[in-house]
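Just so it is clear: chains get the letters A, B, ... in the order the sequence lines come, proteins before strands, and each one is counted from 1. Here the structure is a predicted model, which is why all the values come from computation and not from measurement.
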2 protein chains.
Amino acid sequence: MTNTTLKLLAQQLQLSISTVSRALKDHPDISSATKEKVHALANSLDYEPNAYAIQLRTQSSKIFGVIVPAIANLFYDSFIAAIEEESRKNGYALMILQSSNNTENELNNLKIFRQNRVSGVFACLSAHTHNLEVYEKMSDRDIPVVFFDIVPKDNKYIKVRMADERCAIIAAENIIQRGAKRVLALFGDPALSISQKRKQAFQQFMEKYAPKTHCTYEHTYSSLEAEAAFKKHLSKTQKFDTVFAMTDEILIGVMKAIQALNIKVPKEMGVISISNGFIPSLYHPNISYVETSGYELGKLAFVQMLANLKGGKTLSELTVDARFIEGGSM
Amino acid sequence: MTNTTLKLLAQQLQLSISTVSRALKDHPDISSATKEKVHALANSLDYEPNAYAIQLRTQSSKIFGVIVPAIANLFYDSFIAAIEEESRKNGYALMILQSSNNTENELNNLKIFRQNRVSGVFACLSAHTHNLEVYEKMSDRDIPVVFFDIVPKDNKYIKVRMADERCAIIAAENIIQRGAKRVLALFGDPALSISQKRKQAFQQFMEKYAPKTHCTYEHTYSSLEAEAAFKKHLSKTQKFDTVFAMTDEILIGVMKAIQALNIKVPKEMGVISISNGFIPSLYHPNISYVETSGYELGKLAFVQMLANLKGGKTLSELTVDARFIEGGSM
DNA sequence: TTGATTTTCGCAAACGATTGCGGTAAATTT
DNA sequence: AAATTTACCGCAATCGTTTGCGAAAATCAA
């Protein structure tokens, strides 16, 4: 079946293409009688404007590109879900590509975005991407880029992220409030600025407000390592009474160890983490956590994108605030 | 900065647009001297072909549409991840939209797909979508639709799904092998064919091969309900020794109850579920499960899509097989 | 040198929509 | 009845590519 186009409609109605086009979009030049006829035929013939022709003509695509390290990730999922919602409301569609934390993929994805002349890009940097030239290239083409989560340091970029320091501090506050004596604080890949920020903020706060509390810091790269680290430290003479997990991944490892050793939470061990909430809700009692909502972040990112698209250069870093969610593990 | 186009290249090189176009794609008509010059300038000017113009001209978009109920879902995530990988390998990009299990959204999404003239659609039906007219409309436009997971019954559609009956049977087999005496089997929304199939297969198998085993069946709609159901049945005089969870969601509820009641797995209670593996790996011991890999399903779906695009009508239902993954909970 | 080939390239028409500008008929004004 | 508006509508260029066909230039054969 051949697609129905303006031309086809025009022929059938003995009208010009321009008239049909205008009638369809309610242009005042066209009489309502004509408009009705056009709409009627368009409906019965299931006319769908060809997005490519429009985009070619208008040079704007109504598509946003999204780059995430992995789609199958609770945090990014909710981020994507949020911008998908907003995009649809605003008449945009989403093109989602995953970098798998691989710089080369990232480059290819950006190329696809450029070729498709996306209206804007939401990007989460791969763990080890440092060369931002490609992103400059987008800006050169007037395609705004909103970085999220893993963002570049330079302030000339538009970025939204979690209030990492605040997260860590809120966690620390609650640990102090619990009256913890010895705490094990587990962080992620030390090469990531997110790990650095969280650790630094956490450590500073603890040293300042609870200098007597003994803290052990460790970086782990996976759930398995976190589990091992937990067990290792627990077997030492000086046991700890509270554990802080910087990410879901780490929390998972910790909780496996806790279950395996049949440790009672929160009596024998306090647990607190930074999370979007899903993983903490899997355990009994629910794990207390500092909320970092990918969903909220997505909403914020979208606002930034729209603002940038509309007009002004809103070059700034926005953060979404964090809050403590009581679970029962502290 | 103005985008570099064929026209621009042509002007700068004193060549015609057609020559430039052909040079860029290594057409034999063009001398290698010219080709080199063209390539050189194209590179230095960062030429990126305009996908819209190409698509308008060639009438093919190199984009697949994907409709899932929710992006933030472990199963769909891995499905998406799989087709994303394959798509990129094959030069396609993905446009992902979520229906939120809402038929109206589904319609809108399909409209966007039609307007963007996607090359094909991967669709998971919303829970209560029964009117497939819109999907027919896609086929009318020669846009193949590959249904996955939640698929229509009619065999005229292309579909890939998990081997639901097999899953249930494998679970039943292992329950029998464990020597279970009383089992609680928890299923999802009874309106979904996936629940029906799994339950029916499970029940038939159990009645045939272990008629003396006492099975209690129940449908629950959420984790919370599953947790409540588990507790309710446990408080009865006749306790059960094995629980079967049809989905991750149900498993989560069950495990919360198990943790809350401090029940020992697998000594006091055997646990088995159907899952893609992530949730079962969160507990200690790991929960044994029948694997339904969204990733595998994605790969299969992509093969179907490609086959259909290439030529033949491969109207058939393909299923990806299931296998038992030993966790330690049985 | 001349005719036949082969290389190498340009013309122009598409693809489907948008839009400034100009034109015609009807309606309104003098 | 002539002049002026107003309401409707069409012409044609344009967005950036692709591609069939024809033509000029270069090479070759005789």
Using a cut-off of strictly less than 4.0 Å, decide whether [X] has a side-chain nitrogen or oxygen near OP1 or OP2 of [N].
X: Ser16(A); N: dC11(D); value: no
X: Thr34(A); N: dC9(D); value: yes
X: Lys25(B); N: dT17(D); value: no
X: Gln55(B); N: dG16(D); value: no
X: Lys7(A); N: dC15(C); value: yes
X: Ser31(B); N: dC9(C); value: yes
X: Tyr47(A); N: dA17(C); value: yes
X: Gln59(A); N: dG16(D); value: yes

Checklist entry - Below 6.0 angstrom between ring centroids: does that apply to Phe147(A) and Phe122(A)? => result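 No - the distance between ring centres of Phe147(A) and Phe122(A) does not fall below the 6.0 Å cut-off.
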
Next on the checklist: Under 6.0 Å between ring centres: does that hold for Phe79(A) and Phe148(A)?
Outcome noted: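 Judged by ring-centre distance (under 6.0 Å), Phe79(A) and Phe148(A) do meet the cut-off.
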
If I take atom [atom1] in residue [X] and atom [atom2] in nucleotide [N], what distance separates them, rounded to the nearest angstrom?
X: Lys35(B); N: dT7(C); atom1: NZ; atom2: P; value: 12 Å
X: Lys62(B); N: dT17(D); atom1: NZ; atom2: P; value: 18 Å
X: Leu8(B); N: dC15(D); atom1: CG; atom2: P; value: 12 Å
X: Leu13(A); N: dG10(D); atom1: CG; atom2: C1'; value: 15 Å
X: Leu45(A); N: dG16(C); atom1: CG; atom2: P; value: 14 Å
X: Glu36(A); N: dC8(D); atom1: CD; atom2: P; value: 13 Å
X: Tyr52(B); N: dA14(C); atom1: OH; atom2: C1'; value: 21 Å
X: Leu6(B); N: dT19(D); atom1: CG; atom2: P; value: 12 Å

How is [X] classified with respect to the nucleic acid when contacts are heavy atoms under 4.0 Å: base, sugar-phosphate, or nothing?
X: Ser18(A); answer: base
X: Ile17(B); answer: base
X: Asp29(A); answer: base

Item to check | Tyr76(B) side chain to Asp149(B) side chain, donor-acceptor N/O pair below 3.5 angstrom | outcome: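 Yes, side-chain donor-acceptor contact under 3.5 Å.
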
Item to check | Given DNA chain C, 5'-ward residue of the pair Leu56(B) and Leu15(B), judged by closest heavy atom | outcome: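 Its nearest nucleotide lies further toward 5', so the answer is Leu15(B).
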
Next on the checklist: Reading DNA chain C from 5' onward, which residue's closest nucleotide shows up sooner: Arg117(B) or Pro28(B)?
Outcome noted: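 Between the two, 5'-proximity favours Pro28(B).
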
Checklist entry - Does Leu125(B) reach the side chain of Pro152(B), with side-chain heavy atoms less than 4.5 Å apart? => result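 Yes; the side chains approach each other to less than 4.5 Å.
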
Next on the checklist: Between Glu48(B) and Lys111(A), does any NZ, NE, NH1 or NH2 come within less than 4.0 Å of an OD or OE carboxylate oxygen?
Outcome noted: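 Salt bridge flag = no for Glu48(B) with Lys111(A).
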
Item to check | Salt bridge present between Lys137(A) and Glu133(A) (N-O < 4.0 angstrom) | outcome: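 Glu133(A) and Lys137(A): not salt-bridged.
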
Checklist entry - Of Gln14(A) and Asn50(B), whose closest DNA chain D nucleotide lies nearer the 5' terminus? => result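 Looking at the nearest nucleotide for each, Gln14(A) comes out on the 5' side.
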
